[in-house]
There are 2 protein chains.
Amino acid sequence: MASPGTRTQILDAAEQLFAERGFRGTSIRAITNLAGANLAAVGYHFGSKAELLAAVARRAIEPINAAQSAGLDRLLAETADPPVADLVEAFAGPLFDEMPGGARTSRLIVTILSDPAEEMRGWTGPAEDAVRDRYFAAFRRALPGLSERELGFRLRGILAVAAVDRVDADNTRSPVTGEAARHWAITFLAAAMSAPPTRT
Amino acid sequence: MASPGTRTQILDAAEQLFAERGFRGTSIRAITNLAGANLAAVGYHFGSKAELLAAVARRAIEPINAAQSAGLDRLLAETADPPVADLVEAFAGPLFDEMPGGARTSRLIVTILSDPAEEMRGWTGPAEDAVRDRYFAAFRRALPGLSERELGFRLRGILAVAAVDRVDADNTRSPVTGEAARHWAITFLAAAMSAPPTRT
DNA sequence: GTCTATAGAACGATAGAC
DNA sequence: GTCTATCGTTCTATAGAC
C-alpha cells in the first residue's frame with residue numbers, strides 16, 4: 001500500500017474542515033496545516049479553493065448516490081411498484097449511514113447545500129440527477145394522485161430532515177445516536193410521504 | 001414619523017445581506033453601503049459585526065415567536081388537547097408567513113441555523129425556549145406513546161422542512177409560491193408528526 | 001452621531017528555486 | 001511535486017477630527 005499521498009490528505013482535511021466551519025470559514029492554510037502539506041499544494045493539485053470544494057463534494061456524494069441507486073435496483077427486482085415506505089428507506093437510509101470516508105459526509109452536504117455562497121452550487125453531475133429522476137418516477141407510481149410539484153416538494157423534505165438531523169447531532173448537547181436517528185427519520189418520512197395530496 | 005434612522009437602516013440592510021450571502025460572506029462595508037451609512041456606524045451602534053448579527057436575529061425571530069405563541073393560545077382556548085394537525089399548523093404556519101419586515105425572515109433563520117460559524121449560536125433567548133417548551137408539552141399530550149427524544153427529533157424535523165423549503169425557493173429556477181409551500185408543508189408535516197412511535 | 005484615515009491581520013493565489 | 005517568499009486584496013475594528 002502506497003502512502004496516502006498529499007492529494008488525498010488534502011481532500012480528507014478539507015472534507016473535515018468544510019463540514020465543521022463551512023467554505024468561507026475554512027482557509028487554505030488551515031487545510032494544508034491539518035493535512036501536513038504545504039500551502040501551495042492546493043493550487044498545484046486542485047487549481048483553486050473552489051475547485052478543491054468541488055472535488056471534496058464529488059468524493060463525498062458518490063457512495064451515497066451509489067447506495068441509493070443499488071437500493072432502488074433491489075426493490076425493483078422484487079416488484080415493479082415498491083411501496084412508499086420501502087422507497088423512503090432506500091432513498092433516505094444511505095444519508096444516515098456511515099460512509100467509508102468517515103461520519104462527516106452528510107454534515108458536509110448540509111453545509112454545502114445551505115451555504116448561500118456561489119461556489120457551493122453547480123457541482124452536482126448527471127449521476128445524481130439520474131438517481132433522483134428514477135426515485136421520482138418510482139414515487140409517482142406509488143403516489144398516483146400527487147402532482148409533480150408537490151412530489152418535488154416532498155423529496156426536498158426528505159433531504160431536509162436527513163440533513164438538519166446531522167447538523168443537529170453536532171450542535172446539541174445530547175445528540176441521538178446514528179441508529180436511532182435513522183429509524184426515527186424513516187418513520188417520520190414514510191408517514192409524511194404517504195400523506196394524501198393537498199387539496200387545492 | 002421620524003426618519004428611519006441609521007440604526008434601523010443598518011438592521012434592514014444586514015438582514016437582507018446575511019440572508020442572501022451568510023454571515024461570513026457579508027462584509028460590514030457591504031452592509032453600510034446598502035444602508036447608505038458610514039462604515040464606522042456599525043461599530044458605533046452595535047459594537048461589532050457579531051453583535052449586529054445578534055440584533056438582526058432577535059428582531060427577525062420575535063414576530064414568528066409571537067405568532068406561534070398566539071396560535072397555541074388560540075387552540076388551547078378551545079380545547080385542552082388540540083389535535084396534532086392543528087398543532088402543526090400553529091407551529092409551522094408562521095415560518096411560512098410573510099413577516100412585517102419582509103419575506104427574508106425565514107431564509108435568514110436557516111442561514112443562521114445551518115451556518116457552522118461560532119457567531120451564529122447562542123443568541124436565542126428564554127422567550128424562544130418557552131414557546132418551544134409549550135408546544136413540546138402539547139404534542140406530548142396529543143402523541144402519548146412517543147418518547148421525549150423521538151418527539152424532539154420530530155420537532156426539529158418540522159423546522160428542517162420549513163427551513164430548507166425557504167432556501168430552495170431562492171435557489172430553484174421554478175420556486176413554489178409561498179401559499180402552495182405552506183399548504184404542502186403542513187400536509188407533509190401533519191402526517192409525519194402523526195406517525196406512530198418507532199418500535200425499538 | 002457621522003465622518004476620514006489607518007492600523008493590523010488574514011486571505012487566495014502564484015512566481016520561481018529546488 | 002514540494003517548498004519559500006511575497007504580491008495584492010480585503011477584512012474588522014478603532015482612533016480622532018468635526
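Protein chains get the first letters and strands the later ones, always in sequence-line order, with residue 1 at the start of each.
- One atom, CZ of A/Phe46, and another, P of C/dA13, lie 13 Å apart when rounded to the nearest Å.
- Checked against side chain to side chain donor-acceptor pair (under 3.5 Å), A/Glu62 has no partners two or more places apart in sequence or in another chain.
- In this view, A/Glu78 satisfies the side chain to side chain donor-acceptor pair (under 3.5 Å) rule with no residue, not counting sequence neighbours.
- For the pair A/Ile10 CD1 and D/dT2 C1', the computed distance is 11 Å after rounding to whole Å.
- In this structure, A/Ile28 atom CD1 and D/dA5 atom P are separated by 19 Å, rounded to whole Å.
- When the C1' atom of D/dA15 is taken as reference, atom OH of B/Tyr44 falls 15 Å away, rounded to whole Å.
- Evaluation of the side chain to side chain contact (heavy atoms under 4.5 Å, CB included) rule for A/Ala130 yields no partner, not counting sequence neighbours.
- For B/Thr6 and C/dG1, the shortest distance from a side-chain N or O to OP1 or OP2 is not below 4.0 Å.
- We find that NE2 of A/His45 is positioned 16 Å from P of C/dT14, with the value rounded to whole Å.
- Partners of B/Thr187 according to the side chain to side chain donor-acceptor pair (under 3.5 Å) rule, which considers only residues two or more places apart in sequence or in another chain, are A/Thr198.
- Rounded to whole Å, the distance from CG on A/Leu53 to P on C/dA13 is 12 Å.
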Please tabulate the protein-to-nucleotide N/O contacts below 3.5 Å involving nucleotides 4-6 of chain C, giving atom names and distances.
residue, atom, partner, partner atom, Å
C/dT4, OP2, B/Asn38, ND2, 3.2

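- Per the geometry, NZ belonging to A/Lys49 stands 15 Å off P belonging to C/dA10, to the nearest Å.
- Atom CD in B/Gln9 sits roughly 14 Å away from atom C1' in C/dG1 (whole-Å rounding).
- Contact annotation for B/Thr32: no contact, since no heavy-atom pair falls under 4.0 Å across all strands.
- The side-chain heavy atoms of A/Asp12 and A/Leu34, taken from C-beta on, include no pair separated by under 4.5 Å.
- Nearest-nucleotide mapping onto DNA chain D: of B/Ser27 and A/Ala37, the residue sitting toward the 5' end is A/Ala37.
- The aromatic rings of B/Phe153 and A/Phe188 stand perpendicular to each other, their planes meeting at an angle above 60°, with 30° marking the opposite boundary.
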Acceptor/donor pairs from residues 85-93 of chain B side chains to any protein atom, 3.5 angstrom cut, sequence neighbours excluded:
none

